[in-house]
Amino acid sequence: MVITSSRDEIAWQRLRDGLRPGQREIADWAGGPLAVSAVPGAGKSTGMARAAALTIARFQLDARRQLAVVTFTRSAAAHLKAKIRESLQILGLPRQGFTVQTLHGLALQIAGRNPELSGMERDRTLVSPDRQHRLIANAVDDWITQNPSLYGLLLEGLEFDGEEAERLRRLSVLRTDLLPELMLTVVREAKSSGLKPADLQHMGQAPELTADRYPGLAIAAGLYEAYEAQLQRRNAIDYDDMILAALRVLADPEAASLWRSRIFAVFEDEAQDSSPLQARLLEQLAIDPATNAVNLVRVGDPNQAINSSFTPADPVFFRRFCEACRSQGRFAQMDRSGRSSLIILEAANVLVQWTNDREFPRLTQQIGTRSALPPFELQCIQPAEPNDPQPNANPTPLGLGLELVRPADIHQSIAQIGQRAIDLWAKAPDLSLAVLVRTNDQGRWVAKSLGDRFGDRLNLYEVGASDRQSHVPGEMLTLLQFLDRPHSPQYLKALLRVLVDRQRIPTQDLDSLAAQPEQFLYPGPLDPPLAEPARQARRICAGILAARLHLPHYALLSFLAMTLGYDRAELATTDKLIETLVQRDRGDQRLETTLNNLAEIVSNETFAPVEAEELPESPYTRPGQLTIITAHKAKGLDWDGVFLPFLHSDYFSTEARVPLQMEFLGAFNLGDCLRAQIRDRVHGAAKLPPIAIATHQARWLKVAEEYRLLYVAMTRAKRLLWMAAEQQAPFTWNKPENLTTKTPCPAFLALETDFPECKRSAP
């Protein structure tokens with residue numbers, strides 16, 4: 001920056017002096033790679049935004065040569081952009097010289113401006129398919145047709161007596177559950193690592209895999225190939241295709257030189273969640289054409305990597321980047337945190353140290369995997385310094401700040417949470433509070449139980465309920481697909497799954513019901529009688545079919561919404577969806593037309609739900625509100641008080657969790673095993689693990705991530721962290737009324753040992 005006056009110098013110094021150690025290393029960055037590991041509450045966004053403004057000033061960047069700041073969500077991008085503009089205003093500089101984008105948005109920009117190199121024609125459709133997507137169903141059908149012997153091997157499983165009802169049940173499981181899930185798992189894992197179907201086929205021929213009963217990687221390669229063929233037929237791409245297309249552009253020397261001349265450097269946020277392909281794109285873009293140096297600053301926290309068990313993200317890649325930068329003296333730590341009270345920071349540090357030193361050796365021996373990395377990096381959260389720029393850094397705790405309780409059961413937990421919230425608000429009405437749960441069904445139960453018990457005394461906001469409104473188009477599509485083809489096992493099972501999820505029918509074996517749709521929907525006098533849960537499911541299905549005959553076209557959607565038990569906001573969202581379909585159908589009231597338009601909305605668009613009331617900008621953390629939210633969704637947020645119930649031993653179970661309907665294949669999850677094998681190859685392993693070993697590795701991956709998820713949940717609390725391990729809790733949250741005896745999770749016991757003064761007896 002060219003300092004032309006004392007005023008400029010004061011502004012510069014003011015901005016830099018407001019940074020903590022670690023943040024200043026980014027602000028003082030002068031080129032080359034830099035890794036920054038940031039603990040929870042370290043002020044990562046603020047540090048990146050101010051450092052970006054100082055970098056723009058120092059190197060006099062403008063619209064022709066910019067700093068690219070990359071993050072993973074649109075909301076985070078908007079937040080960062082506003083903070084950078086604010087910092088530039090303090091420096092008295094024009095709000096230019098930078099761009100803030102999501103990683104996929106950046107890839108799309110590069111690929112879209114160079115279609116002749118990327119292969120991205122403008123009429124390509126972007127899809128993000130899930131298990132119920134028609135593209136996945138068609139690809140599975142293609143694979144079955146092309147691979148009858150492999151399909152037969154899966155159908156036979158460990159053993160098969162030839163009984164027809166069991167054969168039909170297995171057909172349903174394979175077509176609607178296992179193969180779609182396997183396809184999505186394999187495609188995401190392989191494609192995001194830059195692997196092609198031929199690579200998987202070659203990997204599957206490794207001699208160490210010959211003893212496996214199922215040629216898993218050969219199955220994976222075929223599914224991947226069928227998926228790619230479906231994309232081509234539909235002239236569609238997925239999100240990984242966008243990254244690959246951008247990499248094809250940067251592989252061309254002339255195009256790469258042009259893009260690199262425009263991008264001075266890349267700052268990446270949440271780097272622990274990058275896939276290998278995404279990291280490669282940023283590294284290629286950040287090459288300085290004059291010096292060949294990689295001007296790349298990556299900021300993240302490997303201890304907050306909580307997506308690796310269901311996405312291709314893996315903290316090992318960011319860890320390696322940090323190690324490489326550390327060896328070059330290009331590593332910094334943002335280890336000062338002003339978010340939480342001191343005792344909450346101490347509890348989080350105890351969890352990290354205990355898990356790595358005590359629990360990790362025990363678990364690796366129990367699970368049987370010796371080459372695993374510890375769940376955490378040993379970085380300690382330090383409190384803010386006395387002169388920290390953050391106002392009210394490390395606030396005074398509410399009470400002791402940490403409360404460890406063992407209620408008699410989940411109902412007593414609800415009573416304690418509700419009463420504790422009421423008591424806290426009586427003293428300070430503006431406190432923000434949250435209950436963090438592991439799953440959405442836990443969240444539904446907590447919200448209902450708190451509402452039933454405390455009524456209007458609590459201001460509740462269930463995040464899952466708001467999110468479910470955005471699923472209205474998908475649920476309507478599922479029901480209409482059933483009405484279009486009621487004899488399809490796939491569509492019948494999808495409908496039954498929606499009814500179970502919406503708690504309209506009890507949990508039961510859906511594959512047995514869907515295996516023979518005609519017999520289920522129209523039973524004859526000689527057919528065996530069904531159990532009451534199945535009869536209840538049949539009555540609802542029959543009512544939906546009858547409505548198809550008697551109701552006008554669009555009134556049918558309103559009837560389906562009522563059948564699913566939609567609340568007021570969901571019904572309003574359904575009305576909005578009907579209006580949208582009326583406009584798109586243009587008077588063509590055939591079910592086929594509506595299905596096509598609805599499928600287009602579900603596949604390619606973000607359909608904004610209608611809120612029951614106007615909400616402020618940050619509805620999750622409003623003062624005076626008790627938010628019920630999953631721990632995954634809570635990442636990046638914080639509250640004055642956080643309640644963590646249901647901390648039982650099965651929270652961190654090391655047992656292999658195989659769905660009952662898939663046990664005919666063996667005591668393992670084939671998708672998890674294939675993910676472990678692919679990751680081993682991407683990590684550079686000389687030999688691939690056979691299924692028996694891959695099973696252990698997959699289990700360890702999940703357990704390690706559960707500990708990191710608990711760490712994320714604990715560090716959301718600013719002044720009070722309330723943790724509970726109930727003596728009685730449900731065996732499954734699909735039936736919360738069936739309580740069984742539970743033991744506390746090991747981490748809870750470790751905290752009780754280190755903080756005996758925080759143990760509270762249940763009133």
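All figures in this text were calculated on a predicted structure; none of them were measured in a lab. Along the sequence shown, residues carry numbers from 1.
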Original post:
If we ignore angles and hydrogens, is there a donor and acceptor under 3.5 Å between the side chains of Gln379 and Asp301?
Top reply: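 Yes, a side-chain donor-acceptor pair sits under 3.5 Å.
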
Original post:
Any luck finding a side-chain donor-acceptor pair between Glu270 and Gln272 under 3.5 Å?
Top reply: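 Side-chain D/A pair, Glu270 to Gln272: present.
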
With the side chain counted from C-beta on, respond yes when [X] and [Y] share a heavy-atom pair under 4.5 Å apart, and no when they do not.
X	Y	value
Glu359	Pro375	no
Thr478	Arg497	no
Leu674	Thr185	no
Thr630	Val463	no
Thr355	Tyr711	no
Arg502	Glu475	yes
Leu637	Ile629	yes
Tyr227	Trp143	no

Original post:
For Glu283 and Arg280, what are the C-alpha separation, side-chain angles and deciding distance, and is it a salt bridge (Lys or Arg N to Asp or Glu O under 4.0 Å)?
Top reply: CA-CA 5 Å; Glu283 288 168 1; Arg280 193 191 313 168; over 6 Å; no

**OP:** Take atom NZ of Lys448 as the centre, draw a 6.0 Å sphere, and report whether it contains more than 12 heavy atoms from other residues, nucleotides or ligands.
**Re:**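 Counting neighbours around NZ of Lys448, 12 or fewer heavy atoms of other residues, nucleotides or ligands fall under 6.0 Å, so no.
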
Original post:
Near Glu737 CD, under 6.0 Å, is it more than 12 heavy atoms from other residues, nucleotides or ligands?
Top reply: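 For Glu737, atom CD is crowded (more than 12 foreign heavy atoms under 6.0 Å).
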
Original post:
Sequence neighbours excluded, which residues qualify as salt bridge (Lys or Arg N to Asp or Glu O under 4.0 Å) partners of Arg298?
Top reply: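 Counting only residues at least two positions away or on another chain, Arg298 forms a salt bridge (Lys or Arg N to Asp or Glu O under 4.0 Å) with Glu268.
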
Checking the side chain of [X] only, and the main-chain atoms of [Y] only, is there a donor and an acceptor separated by less than 3.5 Å?
X	Y	answer
Asp680	Ala685	no
Tyr224	Leu195	yes
Arg326	Phe331	no
Asp409	Gln412	yes
Arg213	Gly157	yes
Thr627	Tyr620	yes
Gln677	Pro689	yes
Ser192	Leu277	no
Arg170	Leu155	yes
Asn356	Pro374	no

Distance-only criterion, 3.5 Å: show the donor-acceptor pairs between side-chain atoms of residues 202-211 and protein atoms not counting sequence neighbours.
unit_1: Glu208; atom_1: OE2; unit_2: Leu688; atom_2: N; d: 2.8
unit_1: Thr210; atom_1: OG1; unit_2: Pro207; atom_2: O; d: 2.9

Quick one: [atom1] on [X] to [atom2] on [Y], what's the gap to the nearest 0.5 Å?
X	Y	atom1	atom2	result
Ser37	Glu377	OG	CD	6.5 Å
Leu710	Arg438	CG	CZ	10.5 Å
Asn669	Thr695	CG	OG1	8.5 Å
Leu665	Leu158	CG	CG	7.5 Å
Leu373	His683	CG	NE2	8.5 Å
Gln661	Leu510	CD	CG	8.0 Å

Original post:
Using 30° and 60° as the class limits, which term best fits the ring planes of Phe360 and Trp700: parallel, tilted or perpendicular?
Top reply: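 Aromatic pair Phe360/Trp700 classed tilted.
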
**OP:** Go through the steps for Glu323 and Arg320 under the test salt bridge (Lys or Arg N to Asp or Glu O under 4.0 Å), then give the verdict.
**Re:** CA-CA 5 Å; Glu323 289 167 7; Arg320 289 179 179 176; over 6 Å; no

Electrostatic pair [X]:[Y] at N-O distance under 4.0 angstrom:
X	Y	result
Glu705	Lys702	no
Lys191	Glu228	yes
Glu189	Arg681	no
Arg444	Asp441	no

Which heavy atom in [X] sits nearest to a heavy atom in [Y], and how many Å separate them?
X	Y	result
Ala347	Leu402	CB-CD2, 4.1 Å
Pro197	Ala221	O-CB, 3.4 Å
Pro276	Val682	CG-CG1, 4.0 Å
Ala139	Ala226	O-CB, 3.5 Å
His648	Ala729	CE1-CB, 3.3 Å
Phe731	Lys742	CA-NZ, 4.3 Å

Original post:
What do the steps show when you test Thr741 against Gln727 for side-chain hydrogen bond (donor to acceptor under 3.5 Å, both in side chains), and what is the final call?
Top reply: CA-CA 6 Å; Thr741 301; Gln727 299 169 43; over 6 Å; no

Original post:
Can you check side chain to side chain contact (heavy atoms under 4.5 Å, CB included) on Ile344 and Val642, steps first, answer last?
Top reply: CA-CA 11 Å; Ile344 297 174; Val642 167; over 6 Å; no

**OP:** Determine, stepwise, if the pair Leu231 / Val127 fulfils side chain to side chain contact (heavy atoms under 4.5 Å, CB included).
**Re:** CA-CA 9 Å; Leu231 284 180; Val127 296; 3.8 Å; yes

**OP:** Dump the intermediate steps for side chain to side chain contact (heavy atoms under 4.5 Å, CB included) on Asp269 and Phe72, then the final yes or no.
**Re:** CA-CA 8 Å; Asp269 190 20; Phe72 280 83; over 6 Å; no

**OP:** Would you sort out whether Val140 and Thr176 count as a side chain to side chain contact (heavy atoms under 4.5 Å, CB included), showing the intermediate values?
**Re:** CA-CA 9 Å; Val140 166; Thr176 60; over 6 Å; no

**OP:** For Arg675 and Asp672, run salt bridge (Lys or Arg N to Asp or Glu O under 4.0 Å): C-alpha distance rounded to whole Å, both residues' side-chain angles, the deciding distance at 0.1 Å, then the answer.
**Re:** CA-CA 5 Å; Arg675 178 189 281 123; Asp672 289 344; 3.2 Å; yes

Original post:
What residue among Leu660, Asp177, Leu496 forms side chain to side chain contact (heavy atoms under 4.5 Å, CB included) with Asp511?
Top reply: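 The residue from Leu660, Asp177, Leu496 that satisfies side chain to side chain contact (heavy atoms under 4.5 Å, CB included) with Asp511 turns out to be Asp177.
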
**OP:** Please say which of Leu751, Leu749, Leu404, Leu647 ends up in a side chain to side chain contact (heavy atoms under 4.5 Å, CB included) with Pro744.
**Re:**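 When side chain to side chain contact (heavy atoms under 4.5 Å, CB included) is applied between Pro744 and each of Leu751, Leu749, Leu404, Leu647, only Leu749 qualifies.
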
Original post:
With sequence neighbours excluded, what pairs up with Trp445 under the ring pair (Phe, Tyr, Trp, His ring centres under 6.0 Å) test?
Top reply: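 Applying ring pair (Phe, Tyr, Trp, His ring centres under 6.0 Å) to Trp445 gives His411, Trp733.
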
